[in-house]
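See structure below.
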Amino acid sequence: MDDANATGDQQEVGARFFEGAAAGTVMLGVPPECESFTRNFDWEDAVIQVAYDAPNIVEILAELDSQPDRLQKIRTNNVVNSLLKHDWVYRWETILATVGLDSTPAMMARKARLQNLVERILTRKNSDRQLITQTGFTSKTERRCQLFESVITD
């Protein structure tokens, strides 16, 4: 909700930011201007600032689409930071530490699994680039359009 009269200028971080980042989405829009957002999404391009009513949205999207390496970096950063910051294990760890309790062995094992996932993501080959080359499409947008066309015509 962006009506300052209704919210009393209070801004909150909606679940869509956490879900979008975890999914590797390149998020566009106006993020909340609050400490919670800054603390939870403190990496570059977590959300690319674009006004809701941007008259040049087509040009903005075309410019972004012309930067496949940047888009892949954003996706990777969003997934990696979600794995390292937003899993429930970190929240439980904070709760337990607040009341003076240690993490459990299961929590430590989960954190190790999350770290392993991060390492796998960061060391993977350029699979997106290989897919584009193999399919003959020159951009992800073209590939998405082709996939969409095949879905609606089948």
Side-chain angles (χ1 to χ4, degrees), residues 11-52 54 56-99 101-152 154:
Q11 295 188 19
E12 298 296 335
V13 180
R16 68 178 185 255
F17 291 105
F18 294 95
E19 294 161 353
T25 301
V26 176
M27 296 184 281
L28 307 175
V30 180
E33 294 180 18
C34 60
E35 188 273 331
S36 178
F37 183 85
T38 303
R39 183 180 68 248
N40 284 295
F41 297 91
D42 60 351
W43 58 92
E44 182 181 9
D45 285 338
V47 175
I48 297 173
Q49 295 253 353
V50 176
Y52 292 119
N56 60 335
I57 190 64
V58 171
E59 291 83 8
I60 292 169
L61 294 175
E63 174 64 24
L64 284 170
D65 199 41
S66 73
Q67 303 173 57
D69 292 338
R70 179 182 179 201
L71 294 175
Q72 186 57 46
K73 180 180 177 187
I74 292 169
R75 288 185 188 96
T76 300
N77 284 343
N78 281 347
V79 171
V80 164
N81 280 289
S82 294
L83 289 168
L84 294 175
K85 297 179 181 201
H86 300 309
D87 189 87
W88 275 99
V89 72
Y90 305 113
R91 288 166 179 78
W92 277 110
E93 190 174 54
T94 300
I95 292 167
L96 292 177
T98 300
V99 295
L101 298 173
D102 294 329
S103 296
T104 66
M107 292 171 69
M108 300 307 287
R110 178 156 182 89
K111 286 175 61 177
R113 283 193 305 274
L114 293 169
Q115 184 61 47
N116 181 275
L117 284 172
V118 166
E119 290 168 13
R120 287 175 50 199
I121 289 167
L122 294 177
T123 59
R124 75 170 187 236
K125 300 295 180 203
N126 242 341
S127 60
D128 282 348
R129 192 111 16 243
Q130 291 169 354
L131 179 61
I132 291 169
T133 303
Q134 292 166 358
T135 60
F137 296 120
T138 58
S139 75
K140 288 182 182 183
T141 299
E142 288 179 56
R143 191 171 80 240
R144 286 186 200 114
C145 289
Q146 180 68 26
L147 291 171
F148 179 72
E149 287 171 7
S150 70
V151 168
I152 62 172
D154 288 344

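Rounding to the nearest 0.5 angstrom, the gap separating the CG atom in Leu117 from the CD1 atom in Ile121 is 6.0 Å. The CD1 atom of Ile60 sits 10.0 Å away from atom CD of Glu63, with the distance rounded to the nearest 0.5 Å. Here Leu84 contributes atom CG and Trp43 contributes atom CH2; the two are 9.5 Å apart, rounded to the nearest 0.5 Å. One finds the CD atom of Glu59 at 12.0 Å from the CG atom of Leu64 (value rounded to the nearest 0.5 Å). Atoms CD and CG, on Glu93 and Asp102 in that order, are 10.0 Å from each other to the nearest 0.5 Å.
The aromatic ring centroids of His86 and Phe17 lie 6.0 Å or more from each other.
Shown here are the salt bridge (charged side-chain N to carboxylate O under 4.0 Å, His left out) partners of Arg91, two or more places apart in sequence or in another chain: there are none. With sequence neighbours excluded, no residue forms a side chain to side chain donor-acceptor pair (under 3.5 Å) with Thr25.
A donor-acceptor contact shorter than 3.5 Å links the side chain of Asn81 to the backbone of Asn77. Side chain of Tyr90 to main chain of Leu83: a donor-acceptor pair is present (N/O by atom type, distance under 3.5 Å, no hydrogens or angles).
Closest approach of Ala22 and Ser82 over heavy atoms only: N-OG, 3.2 Å. Closest non-hydrogen pair, Gly24 versus Arg75, comes out as O-CG, 2.9 Å.
Applying the salt bridge (charged side-chain N to carboxylate O under 4.0 Å, His left out) test to residues at least two apart or on different chains, the pairs with a partner in residues 76-88 are Asp42-Lys85, Asp87-Arg110.
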Apply side-chain contact (heavy atoms from CB on, under 4.5 Å) to the pair Val30 and Val47, showing each step before the final yes or no. CA-CA 8 Å; Val30 180; Val47 175; over 6 Å; no

Show the numbers, then the answer: is there a side-chain contact (heavy atoms from CB on, under 4.5 Å) between Val89 and Leu114? CA-CA 10 Å; Val89 72; Leu114 293 169; 3.8 Å; yes

Applying side-chain contact (heavy atoms from CB on, under 4.5 Å) to Thr76 and Leu122, what does each step give before you reach the verdict? CA-CA 8 Å; Thr76 300; Leu122 294 177; 3.9 Å; yes

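With respect to Lys73 and Asp45, no salt bridge is recorded, no charged nitrogen being found less than 4.0 Å from a carboxylate O.
Residues Ile48 and Met27 fail the side-chain proximity criterion, which asks for heavy atoms closer than 4.5 Å.
Below 30°, between 30° and 60°, or above 60°: for Phe37 and Phe41 the angle between ring planes is below 30°, a parallel geometry.
Atom CD of Glu35 is surrounded by more than 12 heavy atoms from other residues, nucleotides or ligands within 6.0 Å. Few gaps surround CZ on Arg39; more than 12 heavy atoms of other groups in view lie less than 6.0 Å from it.
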